[in-house]
Amino acid sequence: MAKEQKTFRPKARLPKGLRDVTASMVRAETRMLGLIRDVYERYGFDPLETSTIEYADALGKFLPDEDRPNEGVFSFQDDDEQWLSLRYDLTAPLARYVAEHYDGLPKPFRRYQVGTVWRNEKPGPGRFRQFTQFDADTVAAPTVAADAEMCMMGADVLEALSIPRGQYRIRVNNRKVLDGLLEEIGLGSDATDRTHMTVLRSIDKFDKLGRRGVELLLGAGRKDESGDFTKGAGLAPEQIARVLDYVESGLTAASSDRAAVLEGWRKVVGASAIGREGIDELAAMDALFTSAGYGPDRIEFNSWIVRGLGYYTGPVFEAELLFDTRDEDGNTVRFGSVGSGGRYDGLIERFKGVKVPATGFSVGVSRLLAALQLLQKVDAAAEPDAPVVVLTLDAANMAGYQAMVTELRQAGIRAEMYLGGSGMRAQMKYADKRGAPVAVIEGEDERATGSLTLKDLVLGAEVSATIEDNAEWRQSQAAQISVPRAKLVEGVREILARHRR
RNA sequence: GCAGGCAUAGCUCAGCUGGUUAGAGCGCUAGAUUGUGGAUCUAGAGGUCCCCCGUUCGAACCGGGGUGCCUGUACCA
């Protein structure tokens, strides 16, 4: 009763939040990574490649509001039942590496690393579960000179990618200033306190929600446009006023004068020792920026840069694109942050028990690439020419076609022979779809006379626009020439030269 | 995670108050036009109407649950 067994057919689909990257984007990314690498190398950083998989406990959990432990990380068990995780950033593995090889490393230790990282969380526009980061970190460098260097390097990276000065900004703040503010409004110094965190997160949203939105979040809370309600920090009106004071003291002068921003902050948080320390550190950074010629059109001090609450302990910074652009659907897209970093003096302490100060900067590669693409800064010259296609019209003569392709390749010309099974018309369509500049044709007629027909497909496309009649289109062979078989390379070169960019 | 919306061919979508064989345009494949990409003409392939359960004589359409996508929000190491 052999009933027909249904063969199992898996559905061809990609898991959510992941994507396939096609030729032009792969090439553009490769090129972009090269430019970033050049900048990092110039600053004296050395490459390091750590593994993509680490023991879960080495990556650590440091989210203070851990409602869902282990969320966010892809994990699985090894043969010996130990938990392994895909890395979710490049900093935690660096901390592990430094702790493991501490005694042998030069200190300060400076390394850069580019790599794929994974986060198991809800994807969104421009937010994937697998993406690429490009980091530089300096470990065992206690002074803010290391932080200042990160900021300047961030600016250099963006300019190396042809983002004009003025269209981006490196925005810098200091966690110590924020701690001083919280102290000043009487919230104490418990960094894991819920109100504490809510206040910081509210400040972080100033850019997005504006003064009114932040005010609501600091107080009772805020309703979003779908009607969902976000609970606020529940501060008293005087406290709210003080926080907004701080935020706006950074706003008025931000683009013009770094020293003026620090003066403004000093008035609000200067009474706190930790706040003063933070401001003094930024003043030291300002001196370095200024002497190196990095003005406020590149690096600014900014009140609402907060960053994540997990591990930053000092200066924090974000590289932000300032322009709006439009996506394929014509919607306005604000790019915002394409890189970020800061000082994390506590990360390596997890392993070593001793404090090892460190600071780093991380470029969000995929995001930045998407921005460049919409800016049309993705360089078309990085694309290789499409291959010359040698048509295979006679199955008995494959050896002859192979010889032609090889000749072209040996002459440095990108070329391929048609490897499908269809007729001439389909082969021409294929060449067209590939964007081939030249089709090499050798059929019976050509072979009889020892010649080849070379068709200039670029010129042909231009000609076809003016022709409507089929007979005319076929007979007008303006776009093709006949050359002796021996002149294959020469003839192809000549046509390529016509269209050289 | 929370809130709202959406789900029909590769793509963009139509499909009446539930009614027989679910459609269009574009794209794709092949043929015609003496061995040639465009144009024109002809033919063809391609769908578990997101999935499961239910209501009904009957479900693409109604109800419940699930999944996926979009928007906002939260989080962002």
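In what follows, chains carry the letters A, B, and so on, assigned in the order in which the sequence lines appear, proteins first and then strands, with residues in each chain numbered from 1. Computed over heavy atoms, backbone and side chain alike; hydrogens, waters and symmetry mates excluded.
Considering only side-chain atoms of A:V73, the nucleotide from B:G38, B:A77, B:A74 that sits closest is B:A77. Candidate nucleotides B:A77, B:A74, B:G68 were compared by shortest atom distance to the side chain of A:K16, and B:G68 ranks first. For A:K208, counting side-chain heavy atoms from C-beta on, the closest listed nucleotide (B:G37, B:A30, B:U73) is B:U73. The nucleotide whose nearest atom lies closest to any side-chain atom of A:D432 is, among B:G37, B:C76, B:U73, B:G37. Relative to the side chain of A:S422, the nucleotides B:A30, B:G37, B:C76 differ in distance, and B:A30 lies closest.
Side-chain N/O atoms of A:R119 include none lying less than 4.0 angstrom from OP1 or OP2 on B:C76. At the phosphate of B:C2, neither OP1 nor OP2 sits under 4.0 Å from any side-chain N or O atom of A:T230. In terms of phosphate contacts, A:K223 brings no side-chain nitrogen or oxygen within less than 4.0 Å of OP1 or OP2 of B:G72. Contact annotation: A:R222 side-chain N/O to B:G72 OP1/OP2 distance is not under 4.0 Å. Between A:R201 and B:C76 there is a side-chain N or O to OP1 or OP2 distance below 4.0 Å. Put simply, A:R307 has a side-chain N or O that comes within less than 4.0 Å of OP1 or OP2 on B:A77. The side chain of A:K455 places no N or O atom within less than 4.0 Å of a non-bridging phosphate oxygen (OP1 or OP2) of B:U36.
Distance noted for atom P between B:A59 and B:G19: 11 Å (whole Å). As rounded to the nearest Å, B:U42 and B:G5 have C1' atoms that lie 44 Å from one another. B:U17 and B:G25 have their C1' atoms separated by 29 Å, with the value rounded to a whole Å. Using C1' as the reference atom, B:C50 and B:C57 are 27 Å apart when rounded to the nearest Å. The gap from the C1' atom of B:C51 to that of B:U8 amounts to 15 Å, rounded to the nearest Å. To the nearest whole angstrom, the two C1' atoms, one in B:A3 and one in B:A77, are 26 Å apart. Comparing B:A43 with B:U55, their C1' atoms are spaced 44 Å from each other, to the whole Å. Taking atom P on both B:U12 and B:U20, the two are 27 Å apart, rounded to the nearest angstrom.
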Determine which bases of RNA chain B form Watson-Crick or G-U wobble pairs with both distances under 3.5 Å, and write the result as a 5' to 3' dot-bracket string with | for other-strand partners. (((((((..((((.....[...)))).(((((.......))))).....(((((..]....))))))))))))....
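The base of B:G72 is paired with the side chain of A:K122 by a donor and an acceptor separated by under 3.5 Å. No hydrogens or angles were tested; on distance alone, nothing pairs the side chain of A:Q427 with the base of B:U36 as donor and acceptor under 3.5 Å. At a cut-off of 3.5 angstrom, counting only N and O atoms as typed in the model, there is a donor on one side and an acceptor on the other between the side-chain of A:E446 and the base of B:G35.
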For side chain to side chain donor-acceptor pair (under 3.5 Å), just list the numbers for A:E442 and A:T453, CA-CA rounded to whole Å, side-chain angles, deciding distance to a tenth of an Å, and then say yes or no. CA-CA 6 Å; A:E442 188 204 51; A:T453 298; over 6 Å; no
After noting the C-alpha distance and the side-chain angles of A:Y311 and A:Y344, does the key distance pass the ring pair (Phe, Tyr, Trp, His ring centres under 6.0 Å) rule? CA-CA 6 Å; A:Y311 64 57; A:Y344 51 97; 5.6 Å; yes
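Among the protein residues, A:K231 comes within range of no part of the nucleic acid, since none of its heavy atoms lies under 4.0 Å from any strand. Using a 4.0 Å heavy-atom cutoff across all strands shown, A:T453 reaches no nucleic acid atom at all. Base contact: A:I441 has a heavy atom under 4.0 Å from a base atom. Using a 4.0 Å heavy-atom distance criterion, A:A461 is classed as a base contact. Nucleic acid contact for A:D394: none, since no nucleic acid atom lies under 4.0 Å from a heavy atom of the residue.
As a whole-Å value, the separation of A:L393 CG from B:G35 P is 12 Å. Note: CZ (A:R425) to P (B:G38) measures 5 Å, nearest angstrom. Atom-to-atom, CZ of A:F229 to P of B:G1 comes out at 22 Å; the value is rounded to the nearest Å.
Residues A:R350 and A:D57 approach most closely at NH2-O, 3.0 Å, considering heavy atoms. When every heavy atom of A:R434 is checked against every heavy atom of A:P387, the shortest pair comes out as NH2-CG, 3.4 Å.
Note that CD1 of A:I441 is 12.0 Å distant from OG1 of A:T392, once rounded to the nearest 0.5 Å. Taken from CG in A:N173 to CG in A:L282, the straight-line distance is 7.0 Å, to the nearest 0.5 Å.
Between A:S464 and A:G443, the residue whose closest nucleotide on RNA chain B is further toward the 5' end is A:G443.
Aromatic ring centres of A:Y401 and A:Y418 lie farther apart than the 6.0 Å criterion allows.
Geometrically, A:R367 does not engage A:F131 in a cation-pi contact, judged by NZ or CZ lying under 6.0 Å from the ring centre and within 45° of the ring axis. For the pair A:R119 and A:Y88, the NZ or CZ position fails the cation-pi test of under 6.0 Å to the six-membered ring centre and within 45 degrees of the ring normal.
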